Amino acid sequence: MNSNLLTWVEISRGALINNIRAARQRVGKDVKIMAIVKANAYGHGLIQVATTADEEKVDFFGVNSLHEAIALRNAKIKTPVLVLGYTPLANLKDAVNHDVAVVAYNVETVNKLQELAAKYKKDARIHIKVETGLHRQGVNPEELDDFLKLVKSKKNVIAEGMSTHYANIEDTTEHSYANLQVENFNDAFEAAKRAGLDIKYRHTACTAATILFSKVHFEMIRFGIGLYGMWPSKETKISAYERKIGEFNLVPVLTWKTRVAQVKDVPPNSYIGYGCSDFVTQKSRIAILPIGYYDGYDRKLSNVGYVLIHGKRAPILGRICMNMCIVDITNIEGVIPEDEVILLGSSDDDAITAETMASKIGTINYEVVTRINESLPRILVN
């Protein structure tokens, strides 16, 4: 037990390594793996995850911002890094100087990179993002030829990659739209070849596409939610089952813990919590936990969530507070202050998964883990 901590997150090094190896087995030795560690590694801890993945020799890291990329460089990680989000023009000099690639889809980005690369006498690396049907980031098809010509004209801007992102691959078992996007991407890649660009890495495959469609592994995959031992969706699992892809074994990486701050008895017919939103009809025993919505423990778990104490379920009573919540331990013997509590993770024969929590608050597993407050300690465990 981390006796000096109030609330913390444990990251299983073994589970993380297992998931990287599962991806390698799926794509084969000739396909590169980009480990997606954006958003504080999906809430798991950027440096803790990245250093472990780097030891396991992933080929690339994908981050959302230049700030995250520089944090990796400051952690002595020399593996190639791609910024997947937007990089303001004023910050591009740091991308050039730290040898960080950026996603490019704006003319202004390409022009600024050429100016900076010439100034600092270094090449600037980009991955061209093309619009294929998500209508988020990306160069529109009607603008692509001119954009490719512009990139080709910049001798210090190296287009090492081309990418896109799928709109409807996780939410359905019918993938005709994804197949249409693949066709659009292939057309864009052919246009790049006609423009004389030597694209080293094509990457379109997120975790779902990595699992389901070997035809889009290309030269590199982007391994995101699967890196952390979670499936993208139940539809992805169903599709994998239908395709007889049964060997893809993912192990959850994260366990979120707190401890009991107080144990107290409550008389029969008592209201519990803000707004008197819960009520006990019998004499009850409750525990106060130092965890709340500030920490990322969603307020919608009020009166419906539960935690694990001594391997048993302790239901949430009343509303989740900013920094505290209340649980019912009437049927759990021997609970004392500072006992360990599992908010998310497994204990003995029971578990609270990100999917279970997501179903209770009406969201997806991605949001559950990424919203765990970044200030909470992340601890690598073996």
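Computed from a prediction, not measured in an experiment: that's the story for all the values here.
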> Tell me if the aromatic rings of Y201 and F60 count as close, with their centers under 6.0 Å from one another.
yes
> Is it the case that the side chains of T255 and E10 hold a donor-acceptor pair, with the cut-off being a distance below 3.5 Å and no angle test?
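No donor-acceptor contact under 3.5 Å links the two side chains.
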> Would you indicate whether the side-chain heavy atoms of I329 and I309 approach each other to under 4.5 Å?
yes
> Does the pair E115/K93 count as a salt bridge with the N-to-O cut at 4.0 Å?
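Looking at E115 and K93, the cut-off is not met.
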> Identify which one of K200, R24, K29 satisfies the salt bridge (charged side-chain N to carboxylate O under 4.0 Å, His left out) criterion when paired with D59.
R24
> R202 and salt bridge (charged side-chain N to carboxylate O under 4.0 Å, His left out): which single residue from E219, E190, E160 fits?
E219
> Could you tell me whether the side chain of H175 reaches within less than 4.5 Å of the side chain of S239, counting heavy atoms only?
yes
> Just wondering, do I379 and I11 contact through their side chains at under 4.5 Å, heavy atoms?
no
> Just by distance, no angles: are the side chains of E170 and Y366 close enough, under 3.5 Å, to form a donor-acceptor pair?
yes
> For the residue pair H203 and R222, confirm or rule out a side-chain donor-acceptor distance under 3.5 Å.
yes
> Would you say the side chain of N97 lies within less than 4.5 Å of the side chain of L116, judging by non-hydrogen atoms?
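L116 does not reach N97 side chain to side chain.
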> Distance check, rounded to the nearest 0.5 Å: S302 atom OG versus D278 atom CG?
9.5 Å
> Is there a donor-acceptor contact under 3.5 Å linking the side chains of T207 and T210?
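No, because no side-chain N or O of T207 sits under 3.5 Å from a partner of the opposite role on T210.
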> With a 4.0 Å cut-off on N to O distance, would you call D99 and R125 a salt bridge?
yes
> Is there a side-chain contact between V307 and I316, using heavy atoms and a 4.5 Å cut-off?
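In short, these two side chains touch, coming nearer than 4.5 Å.
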> Between the side chains of K122 and N156, does any donor sit under 3.5 Å from an acceptor?
no
> Under 3.5 Å, is there a donor-acceptor pair linking the side chains of T7 and D295?
no
> When you check the side-chain N and O atoms of S176 and E174, is any donor under 3.5 Å from an acceptor?
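E174 and S176 do have a side-chain donor-acceptor pair below 3.5 Å.
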